There are 4 protein chains.
Amino acid sequence: MLNTLGNLLSLTTFGESHGLAYGGIINNFPAGLYIDLEKIQLELDRRKPGQSAIVTQRKESDIVKFLSGIFDGKTTGTPIGFIIENENQKFKDYDHIAQSYRPSHADFTYDKKFGIRDYRGGGKSSARETINWVVAGALAKQLLPNIEFHAYVSSVGEIFCEKPYQVLDFSKIESNIVRCPDAETADRMIAKIKEIKKQGNTIGGTITCVIKNVPTGIGEPVFSKLQAELAKAMLNINACKGFEYGSGFCGAKMTGSEHNDEFNTDFSTKTNLSGGIQGGISNGMDIYFRVAFKPVATIIRPQNSIDKEGNPVNVEGKGRHDPCVVPRAVPIVESLAAFVLADLFLIDKTRNIAQL
Amino acid sequence: MLNTLGNLLSLTTFGESHGLAYGGIINNFPAGLYIDLEKIQLELDRRKPGQSAIVTQRKESDIVKFLSGIFDGKTTGTPIGFIIENENQKFKDYDHIAQSYRPSHADFTYDKKFGIRDYRGGGKSSARETINWVVAGALAKQLLPNIEFHAYVSSVGEIFCEKPYQVLDFSKIESNIVRCPDAETADRMIAKIKEIKKQGNTIGGTITCVIKNVPTGIGEPVFSKLQAELAKAMLNINACKGFEYGSGFCGAKMTGSEHNDEFNTDFSTKTNLSGGIQGGISNGMDIYFRVAFKPVATIIRPQNSIDKEGNPVNVEGKGRHDPCVVPRAVPIVESLAAFVLADLFLIDKTRNIAQL
Amino acid sequence: MLNTLGNLLSLTTFGESHGLAYGGIINNFPAGLYIDLEKIQLELDRRKPGQSAIVTQRKESDIVKFLSGIFDGKTTGTPIGFIIENENQKFKDYDHIAQSYRPSHADFTYDKKFGIRDYRGGGKSSARETINWVVAGALAKQLLPNIEFHAYVSSVGEIFCEKPYQVLDFSKIESNIVRCPDAETADRMIAKIKEIKKQGNTIGGTITCVIKNVPTGIGEPVFSKLQAELAKAMLNINACKGFEYGSGFCGAKMTGSEHNDEFNTDFSTKTNLSGGIQGGISNGMDIYFRVAFKPVATIIRPQNSIDKEGNPVNVEGKGRHDPCVVPRAVPIVESLAAFVLADLFLIDKTRNIAQL
Amino acid sequence: MLNTLGNLLSLTTFGESHGLAYGGIINNFPAGLYIDLEKIQLELDRRKPGQSAIVTQRKESDIVKFLSGIFDGKTTGTPIGFIIENENQKFKDYDHIAQSYRPSHADFTYDKKFGIRDYRGGGKSSARETINWVVAGALAKQLLPNIEFHAYVSSVGEIFCEKPYQVLDFSKIESNIVRCPDAETADRMIAKIKEIKKQGNTIGGTITCVIKNVPTGIGEPVFSKLQAELAKAMLNINACKGFEYGSGFCGAKMTGSEHNDEFNTDFSTKTNLSGGIQGGISNGMDIYFRVAFKPVATIIRPQNSIDKEGNPVNVEGKGRHDPCVVPRAVPIVESLAAFVLADLFLIDKTRNIAQL
C-alpha cells in the first residue's frame with residue numbers, strides 16, 4: 001500500500017525534521033512477544049546523531065515512547081503506536097531557504113509536486129524519518145530471534161573493505177565509529193571522513209548486509225520476491241543509489257558454468273553467488289547484499305543555486321551536517337532488512353497447507 | 001499487495017511454463033484510451049523466443065488475446081483481462097527433473113516452501129511469466145504517450161558499451177539482435193554470445209534504461225519513492241541481481257561537491273547524477289538506471305547436483321536455452337518501468353488540491 | 001486493494017456480459033491442497049442460469065477451466081488463473097440500448113464515470129461477474145473443510161420463512177428450486193415468483209447465511225473486523241441493499257439485559273444474539289447474517305426513461321430475465337462468505353507468537 | 001490493507017482505552033488544503049463523553065494534536081500524524097476483570113485470538129478508538145467542502161423517527177442531546193434513555209445518514225462499490241449490527257415496477273429507492289443509509305459470567321457507561337462516511353483519461 005512498508009506486517013510513519021515528533025504505527029505484529037525495550041533503544045542509539053566525531057553534531061536523545069500495543073511487557077497483537085519527540089528543532093530563520101532550492105535536495109521536487117513544503121530542515125524529506133524505521137526494525141529483529149542481521153560499512157569513497165564478508169569478525173562492527181569490522185580499513189575510512197569533514201564536504205559509501213540463519217521458504221514467487229522487497233526497502237533510504245545481492249553487478253560479467261552454485265548433499269551449496277535466494281525465495285544460505293549511498297547533498301560551502309522564481313542565489317549549508325552517511329545508515333539497513341524478512345516470514349506461515 | 005505489481009494501477013498475473021496459458025488482469029486502468037493492439041503485439045514480438053540466433057529457439061507465437069476491458073477500441077475503466085496461450089508445451093518425460101534440483105534454479109526453494117512444484121520447464125519460476133508484464137507495460141506506455149522509454153543492452157559479460165547514453169542513438173537499438181545501439185559494441189557482444197552458446201554456456205549482462213520527458217512530481221515521499229518502486233519491479237525479473245540509478249554505485253565513491261547537480265535558471269540541472277529523481281520524486285530530467293542480470297542457470301553441460309533426498313545426481317540442460325538473457329530482457333525492463341511510472345503518474349493526479 | 005477481494009488471500013477478476021470470457025486470479029492460496037474440481041462445478045451449476053423455471057432462461061454451460069496454480073490435482077501456492085467462456089453472447093442489435101439509460105441500472109453511472117461503457121447486456125455491471133466469485137468461493141470452502149456454509153432464501157417479497165434457522169433442516173435447501181429449506185414456505189415462494197414472472201415483473205428477497213464450526217479467533221481488531229469484511233463482500237453483490245448479522249436491526253430495539261449472551265462454562269453462550277462475533281472476532285458460535293436484495297431492475301414491460309441527451313425514450317426488457325435473484329444468489333452469498341473466512345483464517349495463523 | 005481504512009487515502013490508527021494516547025496517521029491526503037482546526041475539534045466535541053446527561057460521564061477533554069503533515073495551516077501532502085492523549089485512565093484495580101469474561105464483550109475473543117489482552121477498560125476493543133476516526137473524518141469533510149453529511153438518530157429502542165428524511169430539518173440535529181432532528185421524537189427518545197439509564201440498563205438504536213451534493217461517478221465497479229465501502233466502514237464501528245442503504249431491507253419486499261427509479265430529463269430520478277448509487281457508483285442523487293446499533297454490553301447490574309478457566313463468576317459494570325450509544329455515534333457515522341467518500345473521490349480522479 002502506498003507509503004506503507006510491508007505487506008502483512010506493516011509500518012506507517014509520520015514526522016518532519018522540525019515538527020513536534022516522529023512516530024509510526026506497526027500493524028499486525030503478532031501477539032505474545034516479550035519486548036526488550038532496551039534493545040530497541042540501543043538500535044536508536046546506533047543511529048543517533050552526535051554519537052561520534054564523524055557524524056552530525058545535532059543533539060537529540062531520540063527516546064522512543066510506545067503508546068499502545070504492548071501490555072505487561074508483551075505485544076498484544078493490536079497496533080503498536082510509538083513516537084520520538086524532536087528536541088532540537090531550532091525555529092531559527094529559515095526564510096532564505098524557504099525561497100531557495102538547494103542542489104540535489106528534494107526542495108524543488110516537493111514544491112513542484114505538492115505546491116507547498118515544510119522547508120525547515122528539509123521537512124518530510126529529512127533522513128530523520130529513518131528513526132521510525134529503526135524502531136520498527138528493532139521490533140522485527142525480536143520477532144526473528146534466530147536470524148542474525150550484520151550490516152557494516154564496506155566502502156567510504158574509494159576506500160574499500162577488500163576482504164570478503166566470510167573472513168570478517170562481525171563482533172568488531174561496533175568497535176569503531178565507522179562501523180567497518182576490519183580495523184585497518186576502518187582507520188583509513190575514519191581518517192578520510194575527518195578530512196572530508198574538515199573541507200566542509202561530504203562523501204559517499206556502501207554498506208554490506210549479511211543475514212544469517214534465514215530459514216528456507218521466505219519470499220513470494222511473483223511480484224514479492226525476497227530480493228525485490230529488500231531492494232524496494234533499501235532504495236527508500238535517503239541517498240541510496242543502488243542495490244545488489246549475491247554476485248550482483250559482478251555476476252553480470254560471469255558465465256553460467258562459473259556462476260551456478262553446486263549443491264552439497266545436505267541441500268546447502270558449495271558457493272553462494274545466488275546470495276541465499278533462488279526464484280525469489282530464501283534457500284537457507286546467507287543472504288547478503290550491498291547498498292550504495294551517494295554523498296550527502298548538504299555541504300558547508302557556498303554553492304550556486306536558484307530560488308523559486310529561477311533567480312540565481314547562493315546557498316551554503318551551516319553547522320551540523322553528516323560528512324558521510326554510511327556509519328549511521330548501518331542500523332537503518334539492518335532494520336529495514338529485518339522488517340522485510342519479518343513480513344515475508346509471517347506470510348510464509350500461510351502458504352503451505354501442511355503448516356496450517 | 002502481495003504478488004501484485006502497482007499500488008493503484010495494478011497487475012495480477014498467472015501462468016506456468018507448461019500450463020495452458022499465461023495471462024493477467026490490469027485493474028484501475030483509466031477509461032477512454034484508444035488502444036493500439038499492434039503496438040502491444042510488437043512489444044511481445046521483441047520479447048518472443050526464437051526471434052534471432054542468439055536467443056532460445058523455443059517457438060511460440062505469443063499472441064495476446066484481450067478478454068475484457070476494451071470496447072470499441074477503447075479502455076472502459078473496468079478490469080482488462082488477457083491471456084497468451086502456450087503452444088509449445090511439450091509433455092515429454094520430466095520425471096528425471098521432477099526428482100532433481102538443478103543448480104541455481106528455484107527447484108529446491110519451491111519444494112521447500114510449497115512442498116510441491118510444477119517441474120515442467122520450471123513451472124511458475126519460468127521467466128515466461130514476463131510475457132504478462134510486457135502486455136501490461138505496453139498498455140502503460142500508451143497511457144503515457146509523451147514519455148519515452150529506451151532500454152538497451154549496455155554490457156554482455158566483460159564487453160561494455162563505454163559511451164554514455166547521451167551520445168547514443170536510441171533509434172539504433174532495434175537495428176541489431178543484441179539491442180545495443182552502438183554498432184561496434186553490438187558486434188562484439190553478438191560474437192561473444194554466439195561463442196558462449198556454442199560452448200553450451202550462458203553469460204550475464206546489464207541493461208540500461210533511459211526515460212525521457214518525465215513530468216515533475218512522479219513518486220511518493222515515504223515508502224513509495226520512484227526509485228524504490230523501479231528497483232522493486234526490476235528485482236522481480238528472473239536473473240536480476242542488481243539495480244542502480246543515476247550515479248549508482250559510482251556515486252558512492254564521490255564527494256558532495258562533485259555529485260551535486262547545479263540548477264539552471266529553467267529548473268533543469270547542469271549535470272544529472274541524481275538520475276532525474278530527488279527525494280523520491282521526478283524532477284523532469286532524464287531518469288536512467290542500470291539493471292544487472294546473472295547468466296542463465298540452464299547450461300548445456302553435465303552438472304553435479306542432488307535429488308530430493310540429497311542423493312548426488314547429474315543434470316544437463318537440453319536443446320533450447322537462452323545463452324544470454326539481456327537482449328530479450330530489454331522490452332521487459334521497459335515494460336516494468338512504464339508500468340511503475342503509469343501507476344505513480346495516476347497517483348500523482350490525486351496529491352495536490354490544486355489539481356482536483 | 002481497489003477492486004480486489006481479500007487482504008492476503010485475494011481474488012481479482014475480469015469479464016463482461018457479452019465479452020469472450022469471465023475469469024479471475026486467486027493469489028496466495030496455500031499450496032498442497034487437493035482440489036475436487038467436481039465440487040467447484042457443482043457450485044457453478046447451482047448459480048447457473050436456466051437451471052429451473054423461476055430463473056433466467058439464458059443458456060450457459062458455465063464450465064470453469066483452470067489455467068494455472070493446480071498441478072497433479074493439488075494447489076501449488078502460485079496464482080490460480082481460471083476462465084469461464086461466454087457461450088451465449090448474442091451479438092444482436094444493441095444500438096437502442098447503447099443510447100438509452102435503463103431505470104435503476106448502472107447505464108447512467110458508468111457513462112458518467114467512464115465516458116464509455118460496454119452496453120451489451122450491461123457489460124461489466126452484469127451480475128454474471130458473480131460467476132468468478134463462485135469459483136473462488138468453492139476453492140475457499142475446500143480450504144476450510146470443517147466449516148459449514150449454509151445459505152438459503154429466507155424471504156421472497158412479503159413471504160418470509162418464519163422459522164428460526166436453528167429448526168431448519170439445511171439438507172433440504174437444495175430440495176426445491178427456490179432454495180428455502182422449509183417446504184411449505186418454498187412452495188409459496190415459488191408460486192409467487194411464477195406469478196411475478198408471468199407479469200413480466202421482478203421481486204426482491206432476502207438470504208440468510210449460517211456458518212457453523214467456525215474456529216475462535218477469526219477476524220481483526222480495527223478495520224478488518226469479521227462482520228465488516230462480510231458486509232463489504234455482500235454489498236458488492238449486484239442488487240444487494242442491506243446486511244445484518246446476529247440480532248441485526250432487531251437488536252437495535254433491545255436492551256442490554258435482553259441482548260447480552262450469557263456464557264456457559266464451556267465458553268459457548270446460552271443465546272447468540274452476537275451472531276458468533278464479538279469485537280470483530282469469531283467466538284466459536286454460529287455466525288449468521290441476512291442479506292437483502294432488491295428486485296431486478298430489468299422488467300418485461302415498457303418503462304419511461306431517457307437517452308444520453310436526456311430525451312424521453314421508452315425502454316423494455318426482452319425475453320430472458322431473472323424474476324427473482326435470490327435463488328441463484330444463494331451460492332454467491334456462500335462463496336463470498338467462504339472467501340472472506342478463508343482470508344481471515346489464513347491471516348489469523350500469523351497473529352499469535354504461540355502459533356509461529 | 002489489513003486494519004487500515006481506505007484504499008488510496010488511508011487511515012491507520014492506534015490506541016487503547018487506558019493507554020497513554022490514541023492517534024493515527026492519514027496517508028496520501030492531498031497537499032494544499034487549508035485546515036480549519038476548530039472544525040475538527042468541534043466534531044470531537046460532538047463525540048466526546050460527558051457532554052450531556054444521556055451519555056457516559058467519563059471526562060476527557062479529547063484535544064487532538066497534529067504532529068505532522070500540516071504546515072503554515074495547510075496540508076503538505078505528507079503523512080498527517082495526530083494524537084489524542086488519554087487523561088482519565090484510572091489505574092484502579094482491574095484484577096477481577098482481568099480474569100473474567102464479560103458477556104457480549106470482546107474479552108473472550110481477544111484472549112482466544114491473541115492469548116493476551118489489555119483488560120483495562122476493554123483495551124483495544126474499547127469504542128474510544130472511534131475518536132481517531134472522527135479526526136480523520138473531519139479532515140475528509142474539509143476535503144469535500146461541497147458534500148454535506150447529515151447523520152441523525154432515527155430510532156432508540158422501539159421509538160422511531162417516522163418522518164422520512166426529506167421532511168426533516170437537519171439544522172435541528174444538534175438542537176437536542178439525542179441528535180434527532182424531530183423535536184417531539186427527540187423528547188421521547190431522551191426520556192427513554194434516561195429511564196434505561198436509571199435502570200442501569202442500555203438500549204440500542206439506529207442512525208440514518210444522508211449525504212447530499214455527491215458528484216456522479218464516485219465508487220468502483222467490482223469489489224470497491226461505494227455501498228460496499230460504506231458498509232465495511234460502518235460495520236467496523238463497535239456495536240454496529242447492520243447496514244442498509246436506499247430501500248434497504250424494505251426493498252427486498254418490493255417488485256421491480258415499484259422499485260425502479262424513473263429518470264427525469266435532467267438525469268435526476270423521480271424517486272430514489274436506489275439511494276443515490278447504481279452499479280456501485282454515485283448517480284448524483286442523495287445517498288442515504290441506516291446503521292443499526294445493539295445496546296451497549298456494559299450494564300450496571302450483576303450478570304452471570306465465567307472466568308478464564310470457565311468458572312462461574314459474577315460481573316457488574318460500574319459507574320460510567322453509555323446507556324445508549326447512538327447519540328455519540330452520530331459524528332462517527334458521518335466521519336466514516338466522509339472518509340470513504342474522500343478516498344473514492346480521489347480515486348475517481350484517475351479513472352477517466354479525459355480528466356488526466
Side-chain angles (χ1 to χ4, degrees), chain A residues 2-3 5 7 103-104 106 109 112-113 115 124-125 157-158 201-206 216-217 220-225 227-228 231-232 235-236 241-244 248-249 251-257 259-263 265 274 278-279 281 283 292 294-295 297 299 304-306 310 352 354, chain B residues 2-3 5 7 103-104 106 109 112-113 115 124-125 157-158 201-206 216-217 220-225 227-228 231-232 235-236 241-244 248-249 251-257 259-263 265 274 278-279 281 283 292 294-295 297 299 304-306 310 352 354:
Chain A
L2 202 64
N3 285 321
L5 182 69
N7 294 280
S104 291
T109 53
K112 287 296 282 186
K113 183 179 185 76
K124 180 75 229 164
S125 69
E158 304 271 4
N201 211 342
T202 59
I203 194 161
T206 60
T216 57
E220 292 296 316
V222 194
F223 290 119
S224 304
K225 295 192 175 85
Q227 70 272 29
K232 182 185 176 186
L235 265 295
N236 271 316
K241 301 300 286 186
F243 169 91
E244 59 177 5
F249 278 89
K253 301 182 194 168
M254 298 172 73
T255 64
S257 59
H259 195 279
N260 283 353
D261 293 318
E262 192 180 330
F263 278 104
T265 54
S274 296
Q278 278 156 343
I281 298 165
N283 69 354
K294 67 162 191 168
I299 56 177
N304 296 324
S305 199
I306 55 171
N352 190 328
Chain B
L2 203 63
N3 285 322
L5 182 69
N7 294 281
S104 291
T109 53
K112 287 296 280 186
K113 183 179 186 73
K124 180 75 228 165
S125 70
E158 304 271 4
N201 211 344
T202 58
I203 195 162
T206 60
T216 56
E220 292 296 316
V222 192
F223 289 119
S224 303
K225 295 194 175 84
Q227 69 272 28
K232 181 184 176 187
L235 265 297
N236 272 314
K241 300 300 285 187
F243 169 91
E244 59 177 3
F249 278 88
K253 301 182 193 167
M254 298 172 72
T255 64
S257 58
H259 195 279
N260 283 354
D261 293 318
E262 190 180 332
F263 279 104
T265 54
S274 296
Q278 277 156 344
I281 298 165
N283 69 353
K294 67 162 192 170
I299 57 179
N304 296 325
S305 198
I306 55 172
N352 189 328

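Proteins get letters first, then strands, A, B, ... in listed order; numbering begins at 1 in each. None of these values were measured; they are calculated from a predicted model. Note that these values count all heavy atoms, side chains included, but never hydrogens, waters or copies made by symmetry.
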For chain A, the option from [options] that forms the most heavy-atom pairs under 4.5 Å:
options	value
B/S257, B/A252, B/G157, B/A106	B/A252
B/G279, B/G115, B/G205	B/G205
B/N7, B/N283, B/T255	B/T255
B/S305, B/G242, B/A354	B/G242

Side chain B/K113, main chain A/G217, donor-acceptor under 3.5 Å: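 Side chain of B/K113 to backbone of A/G217, a donor-acceptor pair under 3.5 Å: yes, one is there.
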
Hey, is the main chain of B/S104 close enough, under 3.5 Å, to the side chain of A/N260 for a donor-acceptor pair?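 Flag not set: sc A/N260 to bb B/S104 has no pair under 3.5 Å.
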
Does any heavy atom of chain A fall under 4.5 Å from the side chain of [X], the backbone, both, or neither of them?
X	answer
B/N236	both
B/S125	neither
B/I299	side chain
B/N3	both
B/K124	side chain

Mind listing the closest non-hydrogen atom pair of B/K232 and A/F223 along with its distance?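 Minimum heavy-atom contact is CE-O, 3.3 Å.
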
For A/F249 versus A/F243, what's the shortest heavy-atom pair and its separation?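 Closest heavy-atom pair between A/F249 and A/F243: CE1-O, 4.3 Å.
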
Looking only at heavy atoms and a cut-off of under 4.5 Å, which of [options] has the most pairs with chain B?
options	value
A/T206, A/N201, A/T216	A/N201
A/G310, A/P295, A/G204	A/P295
A/S274, A/S224, A/G251	A/S224
A/K241, A/K225, A/Q278	A/K241

How many angstroms lie between atom NZ of A/K112 and atom CG of B/N352, to the nearest 0.5 angstrom?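 If we round to the nearest 0.5 Å, A/K112:NZ and B/N352:CG are 11.0 Å apart.
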
